[in-house]
**Student:** 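Pasting in a structure now, in structure tokens, and then I'll have a few things to ask.
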Amino acid sequence: MVMRAPFKRQRNQPTLWRISLKLATWNVNSLTVRLPHVLDWLTANQPDVLCLQETKQEDSKFPYAALQEAGFNAVHNGQKTYNGVAIISPHPLQDVHLDLPNFVDAQKRIIAATVLGVRVICAYVVNGQALDSEKYPYKLQWLEALHAWVTDELTQHEKLALLGDYNIAPDDRDCHDPVAWEGQVLVSPAERAAFERLLALGLHDSYRLFHEEAGQFSWWDYRMAAFRRNMGMRIDHILVSEALKPLCLDCVIDKAPRKLERPSDHTPVVLTLANA
DNA sequence: ATGGCTTATTGTATAAGA
């Protein structure tokens with residue numbers, strides 16, 4: 001069941017007069033633990049959309065009141081302990097949809113809503129664990145179902161953004177050590193082919209519209225001082241439809257939250273769109 | 001050197017993440 005906090009207009013952010021839109025995605029690895037970071041980040045950055053993954057809480061625990069107090073509406077598709085996705089916005093969240101409609105799945109990994117005319121899909125893609133795990137074929141099948149559903153969504157929404165934790169590093173530039181990672185999840189050919197099939201729908205990796213260099217990551221392992229040594233992966237992405245591509249102004253990885261005390265192992269990715 | 005950490009669980013060790 002979707003719960004919705006009442007819409008509250010931000011006095012300093014009149015919807016009709018904004019000249020740009022800021023869309024972000026962040027795997028928070030437990031919203032219970034990370035809520036202070038999320039509230040601070042929302043206040044400092046004032047995004048138009050923030051997609052969260054791994055809230056790891058049931059809908060009854062979701063902090064609607066704290067978000068409303070900060071000026072944000074939210075919709076959540078959660079479960080206990082694992083997974084859980086949310087969309088947060090100062091604007092109305094319309095036509096909310098939960099879960100892949102074409103895939104029987106007990107895991108809460110999808111939530112979608114329309115915000116200011118943009119179809120926003122928030123996805124937490126299966127990790128897969130290892131190539132010989134039964135979770136790996138589940139990952140590939142889940143990605144097939146996502147592809148089919150996004151295909152259908154694109155026929156109904158010209159302006160579409162697919163944001164989330166893809167658990168896929170699209171190419172070797174997105175992995176700190178491709179040799180060490182060979183044969184593991186996040187970089188396997190089948191996963192990368194699934195990512196390419198999403199691009200073949202006319203979606204674009206918005207980060208790569210602006211940045212071609214290697215070594216730009218959105219996730220770093222908690223172990224081995226991986227963040228300090230920049231041993232990471234770029235696995236959190238914002239894909240945009242053809243209609244949104246010409247509106248893209250910049251996409252950045254905001255490493256500031258990863259430097260805080262008790263951080264998520266992921267950090268936000270932020271896309272700025274011209275509000276045409 | 002394949003671990004090292006972090007989170008959640010009706011826990012006190014295990015599972016999962018990436």
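Keep in mind that this is a model prediction, so the values were computed, not measured. Computed from heavy atoms alone, side chains included, the values below leave out hydrogens, waters and symmetry copies.
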**Student:** Sort and list the pairs that fulfil salt bridge (charged side-chain N to carboxylate O under 4.0 Å, His left out) and have at least one residue in residues 70-93 of chain A, not counting sequence neighbours.
**Tutor:** none
**Student:** Would you give me the side-chain donor-acceptor pairs under 3.5 Å for residues 116-123 of chain A, sequence neighbours excluded?
**Tutor:**
from	atom 1	to	atom 2	distance (Å)
A:R119	NE	A:E153	OE1	2.8
A:R119	NH1	A:D95	O	2.8
A:R119	NH1	A:T114	OG1	3.0
A:R119	NH2	A:D95	O	3.2

**Student:** How long is the line joining CE of A:M231 and P of B:dT2, in whole Å?
**Tutor:** 13 Å
**Student:** Considering only Ile, Leu, Val, Met, Phe, Trp and Tyr, and joining two whenever side-chain heavy atoms are under 4.5 Å apart, list the other residues clustered with A:L209.
**Tutor:** A:F210
**Student:** What interatomic distance, in whole Å, is found between C1' of B:dT6 and the corresponding atom of B:dG11?
**Tutor:** 16 Å
**Student:** With C1' as the reference atom in both, quote the distance from B:dT10 to B:dA15 in angstrom, rounded to an integer.
**Tutor:** 16 Å
**Student:** Please report the distance separating the P of B:dA13 from the corresponding atom of B:dA18, rounded so that it comes out in whole Å.
**Tutor:** 26 Å
**Student:** How close or far is atom C1' of B:dT6 from atom CG of A:L31, stated in whole angstroms?
**Tutor:** 16 Å
**Student:** Whole angstroms only, please: what is the CZ-P distance between A:R229 and B:dC5?
**Tutor:** 13 Å
**Student:** Using distance only, find each side-chain donor-acceptor pair of residues 35-43 of chain A under 3.5 Å and give its atom names and separation, not counting sequence neighbours.
**Tutor:**
from	atom 1	to	atom 2	distance (Å)
A:H37	NE2	A:E261	O	3.2
A:W41	NE1	A:D254	OD2	2.8
A:T43	OG1	A:L39	O	2.9

**Student:** Do A:R234 and A:D205 meet the salt-bridge criterion of a basic N to acidic O distance under 4.0 Å?
**Tutor:** yes
**Student:** Going 5' to 3' along nucleotides 12-18 of chain B, which nucleotides have protein heavy atoms under 4.0 Å from the base (write B), which only from the sugar-phosphate (write S), and which from neither (write -)?
**Tutor:** ----SBB
**Student:** Between B:dT14 and B:dA1, how far apart are the C1' atoms? Round to whole Å, please.
**Tutor:** 24 Å
**Student:** Round to the nearest Å and state the distance from A:K61 atom NZ to B:dA8 atom P.
**Tutor:** 12 Å
**Student:** Under a single-linkage rule joining Ile, Leu, Val, Met, Phe, Trp and Tyr whose side-chain heavy atoms are separated by less than 4.5 Å, which residues share a cluster with A:Y82?
**Tutor:** none
**Student:** Between A:P263 and A:A180, who's closer to the 5' end of DNA chain B by nearest nucleotide?
**Tutor:** A:A180
**Student:** B:dA8 P sits how many Å from A:K80 NZ, rounded?
**Tutor:** 12 Å
**Student:** What interatomic distance, in whole Å, is found between P of B:dT12 and the corresponding atom of B:dT2?
**Tutor:** 28 Å
**Student:** In whole angstroms, how far is the P atom of B:dC5 from the CZ atom of A:R228?
**Tutor:** 14 Å
**Student:** Tell me whether the OP1 or OP2 atom of B:dA8 has a side-chain N or O from A:S30 closer than 4.0 Å.
**Tutor:** yes
**Student:** Kindly say if A:R34 contacts the phosphate of B:dT6, meaning a side-chain N or O under 4.0 Å from OP1 or OP2.
**Tutor:** no
**Student:** Just wondering, are more than 12 heavy atoms of other shown residues or ligands nearer than 6.0 Å to CD in A:E182?
**Tutor:** no
**Student:** Report the distance from atom CD of A:Q53 to atom C1' of B:dT7, rounded to the nearest whole Å.
**Tutor:** 17 Å
